[in-house]
2 protein chains.
Amino acid sequence: MINKILIAEDHEMSTISLQKVLDEIGVTQIEYMYYCDDALASIRHAISRGNSFDLLITDLCFEMDGQEQLINSGQELIQEARILQPELKVLVFSAESKLSTIEKLYNELEIDGYVRKARNDAKELKIAIEEIEKNQRYYPRHLMQLLKQKNVYEFTSFDIAILTLLSEGIRQKDIPEYLQRQGIRPSGLSSVEKKLNFLKEEHKFTTNEQLIAFCKEYGII
Amino acid sequence: MINKILIAEDHEMSTISLQKVLDEIGVTQIEYMYYCDDALASIRHAISRGNSFDLLITDLCFEMDGQEQLINSGQELIQEARILQPELKVLVFSAESKLSTIEKLYNELEIDGYVRKARNDAKELKIAIEEIEKNQRYYPRHLMQLLKQKNVYEFTSFDIAILTLLSEGIRQKDIPEYLQRQGIRPSGLSSVEKKLNFLKEEHKFTTNEQLIAFCKEYGII
DNA sequence: ATAATTTTTACGGGAACCCGTATTGGCTTA
DNA sequence: TAAGCCAATACGGGTTCCCGTAAAAATTAT
């Protein structure tokens, strides 16, 4: 049974609606944290008092604001939380819609559910929590839709590494040494050229500039 | 006095928290619409019954979902709403953080306030509504921060024309003929080169790719 | 282990880009 | 009108990028 929930979320408005939704399904013990570091400390503290959380509801993206934080993403928070409390259930509530990111959450971080901030997110949250309560993973409806239309090209971390370097003003011919320094393989200039050609071909683009513009437009880099 | 509010927002969770916040400041008449088309119809209907809205709170980005809509952005909704009811107050509540987008809202659509979905957005919403109630425009705090770090250089329409062509995949050497076709002067290749060099010099950039990335990042193109 | 296949890297010629200099064209002023 | 000035354009050589082919390395299969 899920009674004690920790919410890690920096948007005040999201915490308000989460409170309302959790009220409606009868959850009484809710704690809010606006920073990942605080959330982690709270988990640690609850364990030490023998009153640990049943569920962590967390966003993925936390905005920087002046004070430096050790952890600043939902992914890291989940990772650290699982070290402290391996059986803790985790429900991610975020606006992220990139398939690869969500797949990683399920496969690598083994989250129990994902609800995207979108139409009917409140209803979906309730269903997700119900499922998790029954020890079942919850897979969101929109994820299924995304899996169907998987014709869209997914940018790999290699693609993004190259595109990021380009967008930072690194010359194409210098990219190999940067890749090597970061331990990314392959790193040959030909591989970089080939990849850029492929990406342009794939999207019917003609120039690097157009490719960079596209990636910026859609938040890929 | 603001008594009757229309909310155009597709995220269910956002409407829940908006309801809570508006309850707390004593607003009683609230209507929710999950699509721009419905929101516009609602405004029209309210006017025809002589009971028009005092304030429109709207998101900017509405997600497509199957059924086709005539209008699908907050910007268009505001524009159409102002045609129907010019004195209608407008408060935008969105996650958008691009300075140029927000500036356009204030300057071109003459909105009365902008609150970004972020830390302390609930508190900010209350303040914004109070200000608007006093017939004053509300400028968000984070906008001021952005304005401070604003790039000193103002991009001219000539700059933007070139950068836009580049971002659309037009080769540098072909840009002159496009400029001529659009009646833009100067149009020589040397002038294009000179301008791109100047822009890169100005921002301490090395490549066109970096320049395009920057312009996309800050919504210049 | 060897062969087959794929992936990665190396190389080279031609196109596009970068950048400095020279020329042209339009505008102001004497 | 002519001289002077500034912006726009034209030109040329050096660099980088583009793109096809070939060699090398890594992976998989036999």
Side-chain angles (χ1 to χ4, degrees), chain A residues 100 107 150-151 153-217 220-221, chain B residues 151-217 220-221:
Chain A
S100 60
N107 299 332
K150 203 171 178 177
N151 50 4
Y153 179 77
E154 281 282 327
F155 285 78
T156 67
S157 61
F158 179 63
D159 301 342
I160 291 168
I162 292 176
L163 293 166
T164 303
L165 287 171
L166 267 186
S167 75
E168 287 169 352
I170 312 300
R171 283 185 196 291
Q172 203 166 303
K173 74 178 175 70
D174 297 327
I175 286 182
E177 61 173 295
Y178 282 85
L179 291 177
Q180 276 174 5
R181 217 172 291 164
Q182 293 178 37
I184 295 174
R185 271 191 34 204
S187 65
L189 183 55
S190 290
S191 298
V192 173
E193 290 174 345
K194 189 181 167 190
K195 177 58 80 175
L196 286 171
N197 282 336
F198 172 78
L199 290 175
K200 278 180 274 188
E201 176 75 20
E202 185 76 13
H203 295 90
K204 308 259 164 57
F205 292 161
T206 54
T207 63
N208 280 350
E209 286 91 335
Q210 189 178 15
L211 180 58
I212 294 292
F214 171 83
C215 292
K216 272 291 180 183
E217 179 80 30
I220 293 157
I221 54 173
Chain B
N151 31 323
V152 279
Y153 180 77
E154 279 289 324
F155 286 78
T156 68
S157 61
F158 180 63
D159 301 343
I160 291 168
I162 292 176
L163 293 167
T164 303
L165 287 171
L166 266 187
S167 75
E168 288 169 351
I170 312 299
R171 283 184 195 294
Q172 202 166 303
K173 73 180 177 71
D174 297 328
I175 286 182
E177 60 172 297
Y178 282 85
L179 291 177
Q180 276 173 6
R181 217 171 292 165
Q182 293 177 38
I184 295 174
R185 272 190 37 216
S187 66
L189 183 55
S190 289
S191 299
V192 173
E193 289 174 346
K194 189 181 166 190
K195 176 58 81 175
L196 285 171
N197 282 336
F198 172 78
L199 290 175
K200 277 178 276 188
E201 177 74 21
E202 185 75 13
H203 295 90
K204 307 258 167 57
F205 292 161
T206 54
T207 63
N208 279 349
E209 286 92 334
Q210 191 178 16
L211 180 59
I212 294 292
F214 172 83
C215 292
K216 271 291 178 182
E217 178 80 30
I220 293 155
I221 53 174

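Only a predicted model underlies this, so the values are computations on that prediction, with no experimental measurement involved. Worth knowing before you read on, the calculation uses all heavy atoms, side chains too, and leaves out hydrogens, waters and symmetry mates. Throughout, protein chains are lettered first and strands after them, A, B, ... in sequence-line order, and every chain is numbered starting at 1.
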For A:Lys200 and A:Leu211, the nearest pair of non-hydrogen atoms, with its separation, is CG-CD2, 4.3 Å
Nearest heavy-atom pair of B:Leu166 and A:Glu209: which atoms, and what distance? O-CB, 3.6 Å
Expected string for nucleotides 4-18 of chain C under the B/S/- scheme (protein heavy atoms, under 4.0 Å, primed atoms plus P, OP1, OP2 as sugar-phosphate) is ----BBBB----SSB
Interface polar pairs with nucleotides 23-28 of chain C, N/O, under 3.5 angstrom:
none

Check the pair A:Leu196 / A:Ile162 against side-chain contact (heavy atoms from CB on, under 4.5 Å), numbers first and verdict last. CA-CA 8 Å; A:Leu196 286 171; A:Ile162 292 176; 4.0 Å; yes
Okay, side chain of B:Thr206, backbone of A:Gly169: is any donor-acceptor separation there less than 3.5 Å? yes
B:Pro186 and B:Ser191: which non-hydrogen atoms are nearest, and at how many Å? CB-OG, 3.8 Å
ring-ring contact (aromatic ring centres under 6.0 Å, His included) contacts in which one or both residues fall within residues 179-199 of chain B, not counting sequence neighbours: B:Tyr153-B:Phe198
With sequence neighbours left out, the residues meeting salt bridge (charged side-chain N to carboxylate O under 4.0 Å, His left out) with B:Glu177 are B:Arg181
Using modelled atom types and a 3.5 Å cut-off, is there a donor and acceptor pairing between side-chain atoms of B:Gln210 and backbone atoms of A:Glu168? yes
Looking at OG1 of B:Thr207 and CG of A:Asp174, how far apart are the two atoms once the value is rounded to the nearest 0.5 Å? 10.5 Å
For A:Tyr178, all residues meeting ring-ring contact (aromatic ring centres under 6.0 Å, His included), sequence neighbours excluded: none
For chain A and DNA chain D, what are the first and last nucleotides along the strand, 5' to 3', with at least one atom under 4.0 angstrom from a heavy atom of the protein chain? D:dT16 to D:dC19
